[in-house]
Amino acid sequence: MLLTVVIFMPLAVAAVLAAARGLPGRTASAVWVVASAVDLALVAWLWWRFEPGTGASGVVNGFASEVDLRWIPTVDAGYHVGADGLSLPLMALTGVLFLACAVYSLRETDRPRTYAALFLFLQTACLGTFAALDLILFFVFFDLTIVGMYFVIAGWGHGDARRSALTFFLYTFVGSLALLVGFIGLFLGSEPRTFDMVALAADPPLAGSPVAGGLVLLAIGLGLAVKTPLFPFHTWLPDAHTDAPATGSAVLAGVLLKLGTYGFVRIAMPILPEAWQRWATVVVVFGVVSVLWGALVALAQTDVKRMIAYTSVNHMGYVLLGLGAAGMVAAADEGARTVATVGAVYQMVSHGLLTGALFLLAGVLWSRGHTYAFDRWGGLARPAPLFAAALAVAAFGSLGLPGLSGFVAEFQVFTGALEAAPVATVIAVLGILVTAGLFLLALQRLLTGETTAPSPGRGPEPAGGGEGATAVRERTAVRVADLRAPELLAIVPLLALSVVLGLLPWVLLDVIEPAAAAVVELVGR
Amino acid sequence: MSGGGEQWGALLPEGLLLLGAVAGLLVGLWTPQHRQARVRWVVTAACLAAAAVAAARLPGPGERVFDGVWVVDTTTGVVRVVVALAVPVLVWLAVPTLAGHPRETEAWVLMVLGGLGAVALAGAGDLLLLVAGYLLASVPLYALAGFAKDAPGVEAAMKYYLFGAFSGVLLLLGVAGLVLAGGAGGYEHLAGALPGASPALVAVGVLGVLAGVGFKAGAVPVHFWVPDVAAGTPPAVAAYLTTVPKIGAVAAAYRLVDEPLAGAPVDVPLVVAVVAAASMTLGNLAALAQTHLLRLLAYSTVSQVGYLFMVVAVAGRSALAPGALAVYLAGYAVTNVGAFAAVAAAPAARTITDWATAVGRHRWLVVSLVVCLLGLVGTPPTAVFVGKLAVFAAAWDGGLAWLVVLAAVNTVASLFYYLRWFAPAFAGVAAAPGVGEPGPGSGPRTAAGTAQRIRPGLPVGVLHAAAAGSLALGLAAGGWLAVVA
């Protein structure tokens, strides 16, 4: 029951905000912060009471706060939600990131009430997707995230926002329909017919029909790969990110991409174990190609935000590498496969925190100078030390420095995958090198050297001389405002959490491990 | 033929509709011109009574009355309820355009009679009743299409009539073929007789009959009337013409494939599947380029009929089919009426840009439009989403997996033109200042857009109600399916 409150509380507040016509913008932003904070507190309470269990627990049993109501009984689709070791960390991540976005947007001036309502709606959709234990319910929330994000980008984006939003909507909608077709395949293949994930995972459909199982996995995999996104389905991502507002990007990369990878762990692996085993090599290949492609393309970017966007492709590649390795039953023992799965889930959380922070930092650049171009910025460490420090921590975390969460995640993915897919793992490690290079290069371009900043067109901070947003380089007396209080309060907790997860990984591992073991056990059938 | 009393009782909803039409006409005859509004109330009451009776009868067992000529089962029941609820809504939606018209009463009566025709199509258990239903669902509508007596209306009526006459001939030809092949017109008899009949004769019959119901449904290749008629009539009438007869026709097609043609020596499901594929694809492709709202919606209805025909193609071959038909029909009716109501809310706006300008800062209007259009796409949790889910599952279950994939691709394509409509409207709302002067003059506006602002009124109410209904029906789909399937 608590979980249901967690899911729908933001939506209720969103409805109130949308209906409250005369509400001042500042009040609306404050309501948003309070609502997100309360929701996060509820998730924390859920976490506190959660018993991870010992051995394999989750996916088919051991749910906390489980609710199963009839919805469309003729096709056995229901309102079935529950929290286990896979969903709880991601729900917590959702709560944290949305709160960070709420705090970051405290000074939003562009229709703050609608913006807050839209984000709260989006939060419900994200939480619902993670909590769903029914394919149709999953799909409902999954699709609603697309709709919500479309309006965020179209309404509050910059640049060619309308076109980017359209691309995003069409592209991910194709994915979601492929997903729906796959779900119908699972439904028709099950006996008795059901959309219930738990029942499907306990008694996998399409067992013994490799062609049908493969095709259904293809449909589901396609849908999730677009969302994740994996090479070659990632082309919507850079545009969507570049033109989205900072908070929109943070949520898009931090939470929405996880819906794809989460779908692999929650649906594709336990429900189609046979097909997953058969096609594990392909999954690994897609993962590794995404790792390398994302890293190399990110290296070539001249735009901070596009670079961060492409590193998401790279990081999601590691997740797929781990999950694919978990399906190579013949090549590795259960222990190694569990480690790979744990690493993949850990990477989802870690990437959410770090990329969220990176995108918010990129948003700070935009708010100061209305550009993301590398060559318009330089030497920011002097005028904006806090910004520089935060960016450095986030970048180092993202490239996998020990002591931060990214390291724990990638280390486990590689350790787990090495036995099953040695060649792929070695190639993927090369990706880390490229990522390290590109982040260091980015830090060097932005933070060191002579201080350079675009002359403020409509920027809030008046710097010396030069009206208009033309490319006039200010050589002297450049002032760039450092992080302001809301920005600091939004970004620092994300980085702090990443450090905590890097130093005390057991906090999260204790929750993930039983569920990951359950996934591996189910895949190994 | 046994005791007539009980059999008449089975047709009580139809009787109430007929009574409503006759009573409305009589009341209208003895009512002065400026008090004609009371006819609307008479008609509405009759329709609601019919809906209530039909709804109460809905969970009951199916039966065939009058020697199997009229079938009263769940499919008929669903059509009865949906039509009897849709007609009064559409009557009130048409009030701004038709109220005060010299022949106001006649318009309302014609709408009820057309509804009765749609129900007759759905309930037909005999080819001759099918023909009668076809005529009853056509003739009043020809008059309705040309009601305004302006040039586009006359053109619309003319096209509608010519196409209707042509398809009617094809329908009669088909009926003749089937009767020749099977020896009688009753569906039960044909179901037994057609499997052994001459394939050529049956093929002629099948094609002719499908052409007839396909015309009423607005399916490819007999869809050409849809855009012209929709564009030539007021939005409320266009909503009527693309909702009520379609529902009856799809139900009639479903029954035809399910009962008399089930064992025919012709691959009827394949023919229907091809019609479905062509309708959804061509409808979508044609809609992509439209900037005229009514034409866009008209082509959208053509593609929606394609999805509906998917379930017709698997009639009798999947246990999921009846439920899918019931939920999609209801969802389509609600959502389609809502979309047309959005056009009616800004009557002077004919194109996408005009509409976006006209709605200006009416945030909730855009929200409801988004719900309705995304509903037509099939975004959860709206009614059409549940309908599409059920239709896809049924079609795949019936062995038409290729059609499901095609329908999924088409759904994505349809998103494109629906987005083209609501994205500018949303951007218009988004770009407008939060607090500011409500008058015109903030940017380039077309004459049509500035001339006609949104007035709160019946179309706006219908739009909001349809959006809410679409969401409610989607969320409560389980309850609806439990009653009908």
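Naming convention: chains lettered A, B, ... in sequence-line order (proteins, then strands); numbering from 1 in each chain.
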- Query: So which part of B/L389 gets closer than 4.5 Å to some heavy atom of chain A, the side chain, the backbone, both or neither?
  - Reply: both
- B/L374 and B/F422: side chain to side chain contact (heavy atoms under 4.5 Å, CB included), yes or no, with the steps? CA-CA 10 Å; B/L374 284 181; B/F422 72 69; 4.0 Å; yes
- When you measure from the side chain of B/W421 to the backbone N and O of B/L369, does any donor-acceptor pair fall under 3.5 Å? no
- Query: When you measure from the side chain of A/H234 to the backbone N and O of A/T228, does any donor-acceptor pair fall under 3.5 Å?
  - Reply: no
- Note on the structure: Answer key: most heavy-atom pairs under 4.5 Å with chain A among B/V404, B/V409, B/T379, B/V386 is B/T379
- Task: Go through A/D239 and A/R163 one step at a time and tell me if the salt bridge (charged side-chain N to carboxylate O under 4.0 Å, His left out) criterion holds.
- Result: CA-CA 9 Å; A/D239 287 341; A/R163 205 188 64 85; 3.7 Å; yes
- Query: Do the rings of A/F130 and A/Y262 sit parallel, tilted or perpendicular, given the 30° and 60° boundaries?
  - Reply: perpendicular
- Item | Top of A/L166, A/V75, A/I146 for chain B proximity - count of heavy-atom pairs under 4.5 angstrom | A/L166
- Query: Do the side chain of A/T129 and the main chain of A/A125 share a donor and acceptor less than 3.5 angstrom apart?
  - Reply: yes
- Between the side chain of B/K388 and the main-chain N/O of B/V377, is any donor-acceptor distance below 3.5 Å? yes
- Message: Treating A/R266 as the side-chain partner and A/L259 as the backbone partner, does any N or O pair qualify as donor plus acceptor under 3.5 Å?
- Response: no
- Note on the structure: Max heavy-atom pairs within cutoff under 4.5 Å with chain B, candidates A/A18, A/G25, A/G78, A/A77, goes to A/A18
- Toward chain A, the part of B/F416 with a non-hydrogen atom under 4.5 Å: both
- Below 4.5 Å from any heavy atom of chain B, which atoms of A/F151 appear? Answer side chain, backbone, both or neither. both
- Query: Would you say the side chains of B/D354 and B/T357 form a donor-acceptor pair under 3.5 Å?
  - Reply: no
- Relative to chain B, which of A/R70, A/R162, A/R113 shows the most heavy atom pairs under 4.5 Å? A/R162
- Task: Measure distances from A/A165 to the heavy atoms of chain B and classify the residue's part below 4.5 Å as side chain, backbone, both or neither.
- Result: neither
- Report yes or no: does A/T124 contribute a side-chain atom to a donor-acceptor pair with the main-chain N or O of A/I7 at less than 3.5 Å? yes
- Task: Walk me through it: do B/S414 and B/N284 pass the test side chain to side chain donor-acceptor pair (under 3.5 Å)?
- Result: CA-CA 6 Å; B/S414 72; B/N284 274 330; 4.6 Å; no
- Are there residues of residues 167-195 of chain A that reach to under 4.5 Å of chain B by heavy atoms, and which ones? A/F169, A/L170, A/F173, A/V174, A/L177, A/L180, A/V181, A/I184, A/G185, A/F187, A/L188, A/R193, A/F195
- Top of B/V370, B/L475, B/D397 for chain A proximity - count of heavy-atom pairs under 4.5 angstrom: B/D397
- Residue A/F139 versus chain B: region with a heavy atom under 4.5 Å: both
